[in-house]
Amino acid sequence: MTMLHTVNKSPFERNTLESCLRLAKKGSAVLLFEDGVIGAMQNTKFSEKVSQAMSDLSFYVLGPDIKARGLSEKKVIDGIKVVDYNDFVDLTAEHNAVQSWL
Amino acid sequence: MTMLHTVNKSPFERNTLESCLRLAKKGSAVLLFEDGVIGAMQNTKFSEKVSQAMSDLSFYVLGPDIKARGLSEKKVIDGIKVVDYNDFVDLTAEHNAVQSWL
Amino acid sequence: METAEGVVKKFCYMNRKAPYGTIYALESLEVVLIAAAFDQDISLVFADDGVYQLTKDQDTDGIGMKNFSKTYSALGDYDINKIYVEKESLEERGLSVDDLQALTYEDEDDDWAEKNSLFVVGREELTALIDEQDVVLSF
Amino acid sequence: METAEGVVKKFCYMNRKAPYGTIYALESLEVVLIAAAFDQDISLVFADDGVYQLTKDQDTDGIGMKNFSKTYSALGDYDINKIYVEKESLEERGLSVDDLQALTYEDEDDDWAEKNSLFVVGREELTALIDEQDVVLSF
Amino acid sequence: MKFGIVINEGPYTHQSSDSALQFVKAALGKGHEIFRIFFYHDGVNNGTDLGVPPQDDRNLAKEWSELAEKHGLDLVVCIAAAQRRGMLDADEMKRHGKNASNLSKGFRISGLGQLIEAGIQADRLVTFGD
Amino acid sequence: MKFGIVINEGPYTHQSSDSALQFVKAALGKGHEIFRIFFYHDGVNNGTDLGVPPQDDRNLAKEWSELAEKHGLDLVVCIAAAQRRGMLDADEMKRHGKNASNLSKGFRISGLGQLIEAGIQADRLVTFGD
């Protein structure tokens, strides 16, 4: 029984990623998309925090949103899987419920 | 030559108060209103940060927005002046320009 | 309701924003009042700035907006009696349960005794509670 | 323009949000392009997540939205050549000026020599710059 | 699998409507069923028939209408949210004595019960918002 | 003193329109002049004529219209932002071959130059947004 959590805002701008990491149960999955992809990038103020959370949670990031923002999929934090919209649908189906952190 | 900076979001939710404190010049005024009034309250995670900023900046908070949220004007951080919409207009007129941190 | 047909899902209404600055608090309440007519298992969660939605003594006269805070105390009449507030969110804001409205319901299985429906829960308990939901609606 | 009548004010366009997640970046650019027709003193500031607006190689094919990033390089043709990026905002995001588009203009007072119009400035310099503005438009 | 979709923000200002559109197309492409798409809060503005976006940009209301027609999607605009924000179909126009209606083809206006029903009937409810 | 006001968000969803209304009333009460109120981004939705908010709530479009009439305020809706979001006056309706217009009395549609002009002419420009 695990849940998919989605975060669509930059951790620099909003507190949604932080709240998600605080309240997502161990073993859950987190998908970063829209401006949320910023939280998946290496060498930011938040990278270390996300890396640490990877011991409890599986992370995914939406590739099309990375590309739109001129960022490189090569600079995604190691261990975060880059996915497309088809995978987003699969992730939703594979988990028991979806919580959007808005 | 001083500017009035306005912040309308809670420091828990957004980074606007933080950005304002970082980029407002010494001697400027900061008005907290709408959900921004949360940043003016005592005993929150951010109270200490706001108190420290008071050595460089003058703080004001809009009373009607405090009351709407069930908060007490008595619990506003010492040194922050509670104002009404008339004072908001006066503050705008007394300063050289207004920057809304959105 | 015609759509329920015996299916009972756990619905969680997750409220994380202060009232009045945005409409999400009010429109969340509108959903909850409608949801009460369906025979589903309803929990309301107030975390982060959502805890401000439940403060006592809200007075919106000065901002020209409708004060909807009284509606929370009517939730008990709609059999909505599992209302959770995150303890740590209150603490970070210098608030305690005494700053919030008292929310109660009358228990029909216990001779209509008036009982508390607002529960302050710690982070771990809240995490477990969210995880067992079938549907989470975020506001 | 008819309204200028000799008044020249310092206008600052403050961009603090990432592109595409919200429309503010695009609609800010639309204002700036119109503003160029008025004889005013224009500065653009990119701070916080606003620095992502200027990244190279934006590719929006996968999200079905219009890629407007090429427009920034046309700003020089509109005599908009004071474009400031906050150094600390770049650093906190692991970005450097090499990740951003090169923005230039042709200086009519210097035999149309091509010159840089994008300046990375530190927090203190930016603070002083903002403070001397007459009008700040926030996006 | 049956999906319910909730869209909380209007077109263009936030990416939510775009993201939902891409998600729904992908889900349909994989053979999933979309039980209902519910437009709430400012999301009701996605149903406007009066939008004229720039020629070189996408037209979100039109894309939703066309997708709905092609796949028989149920696009529901929340009546309470719509009334506040000035989204009306012909019936609502008459009922409130207004001179115009502005709901696009393929959208219908209905109550919040439709959202709860989507939560009950769909295997997964996915929300796109601000 | 001459004020220019910018409103970036639509009615009800964000407090910006309410805050601006209170500010403008206070400024007028103090004898200041309001040079122009410019509605940008989702702010254009404040101009809708089709809103039917609950009876016990405020009607923002109506409050703006009435205030404008009483004090001769210049309420300008940005044309580019309005086209995207489906706000049209009668002229725009004809120009784009639409069947309806939805702009309230007292509002007019015009270009972004009106915003810049407000910045130049007004002594202070105050923005209300999200």
Side-chain angles (χ1 to χ4, degrees), chain A residues 6-18 20 31-51 60-91 100-102, chain D residues 14-29 45-73 83 85-103 118 123 126 138-139:
Chain A
T6 67
V7 174
N8 72 331
K9 294 292 173 187
S10 161
F12 286 95
E13 191 200 0
R14 303 269 181 118
N15 68 344
T16 44
L17 178 59
E18 199 181 304
C20 170
L31 172 69
L32 305 171
F33 77 119
E34 297 184 358
D35 290 346
V37 301
I38 291 165
M41 305 310 293
Q42 294 172 2
N43 298 321
T44 81
K45 205 171 97 179
F46 296 93
S47 306
E48 184 58 29
K49 189 160 193 177
V50 172
S51 290
Y60 302 87
V61 60
L62 199 66
D65 277 321
I66 293 180
K67 283 186 182 157
R69 286 152 187 85
L71 301 172
S72 167
E73 295 183 359
K74 289 177 197 150
K75 292 190 178 168
V76 164
I77 294 169
D78 283 340
I80 299 185
K81 203 174 163 194
V82 179
V83 299
D84 62 14
Y85 285 103
N86 284 323
D87 301 318
F88 185 176
V89 172
D90 289 345
L91 282 168
S100 305
W101 290 88
L102 301 180
Chain D
M14 172 63 68
N15 300 285
R16 295 182 49 260
K17 299 195 175 87
Y20 307 112
T22 54
I23 203 171
Y24 302 103
L26 168 59
E27 291 191 330
S28 170
L29 205 47
V45 173
F46 295 85
D48 294 313
D49 285 342
V51 301
Y52 291 113
Q53 294 181 26
L54 298 178
T55 54
K56 286 180 193 166
D57 303 328
Q58 294 179 17
D59 172 1
T60 59
D61 287 350
I63 59 169
M65 295 171 75
K66 189 172 91 170
N67 180 350
F68 57 89
S69 66
K70 296 275 186 294
T71 312
Y72 293 104
S73 61
I83 300 171
V85 178
E86 194 199 33
K87 181 169 167 282
E88 289 83 351
S89 291
L90 285 176
E91 288 171 355
E92 287 179 352
R93 286 160 185 78
L95 298 175
S96 77
V97 72
D98 297 334
D99 296 306
L100 307 184
Q101 299 185 46
L103 299 179
L118 184 141
R123 218 149 260 193
L126 187 55
S138 301
F139 296 94

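Chain identifiers are assigned alphabetically (A, B, ...) following the order of the sequence lines, protein sequences preceding nucleic acid strands; residue numbering begins at 1 within each chain.
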Q: Near D57(D) CG, under 6.0 Å, is it more than 12 heavy atoms from other residues, nucleotides or ligands?
A: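 Incorrect, the count does not exceed 12.
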
Q: To the closest 0.5 Å, what do you measure between OG1 (T60(D)) and CZ (R69(A))?
A: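 If we round to the nearest 0.5 Å, T60(D):OG1 and R69(A):CZ are 10.0 Å apart.
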
Q: CD of E91(D): more than 12 outside heavy atoms within 6.0 angstrom?
A: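 Above 12, so yes.
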
Q: If you measure from CD1 on I63(D) to CD on E34(A), what distance do you get to the nearest 0.5 Å?
A: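 If we round to the nearest 0.5 Å, I63(D):CD1 and E34(A):CD are 8.5 Å apart.
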
Q: What pair of heavy atoms forms the shortest contact from G70(A) to T55(D), and how long is it?
A: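 Residues G70(A) and T55(D), closest heavy atoms: CA-OG1, 3.6 Å.
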
Q: Does any heavy atom of chain D fall under 4.5 Å from the side chain of Y85(A), the backbone, both, or neither of them?
A: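 For Y85(A), the contact with chain D is made by the side chain alone.
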
Q: Among N8(A), I38(A), D65(A), which residue forms the greatest number of heavy-atom pairs with chain D at distances under 4.5 Å?
A: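 It is I38(A).
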
Q: Would you tabulate the side-chain donor-acceptor contacts of residues 73-82 of chain A under 3.5 Å, counting partners in other chains and residues two or more places apart, or write 'none'?
A:
none

Q: With F68(D), which residues qualify under side chain to side chain contact (heavy atoms under 4.5 Å, CB included), at least two apart?
A: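 If we apply the side chain to side chain contact (heavy atoms under 4.5 Å, CB included) test to F68(D), skipping adjacent residues, the hits are P19(D), Y20(D), A25(D), L26(D), L29(D), T71(D), Y72(D).
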
Q: State whether the number of non-hydrogen atoms from other residues, nucleotides or ligands found under 6.0 Å of K66(D) atom NZ is greater than 12.
A: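 Yes, enclosed.
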
Q: Check whether L71(A) gets within reach of chain D through its side chain, its backbone, both or neither, counting any heavy atom under 4.5 Å.
A: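 Contact with chain D involves the side chain of L71(A) alone.
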
Q: To the nearest 0.5 Å, what is the distance between NZ on K45(A) and CZ on R93(D)?
A: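 Spacing of NZ (K45(A)) from CZ (R93(D)) equals 7.5 Å.
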
Q: Is D35(A) close to D49(D) at the side-chain level, that is, under 4.5 Å between some pair of heavy atoms?
A: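 D49(D) does not reach D35(A) side chain to side chain.
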
Q: Looking at S72(A), G63(A), S10(A), which makes the most heavy-atom pairs under 4.5 Å with chain D?
A: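 Ranked by heavy-atom pairs under 4.5 Å with chain D, first place is S10(A).
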
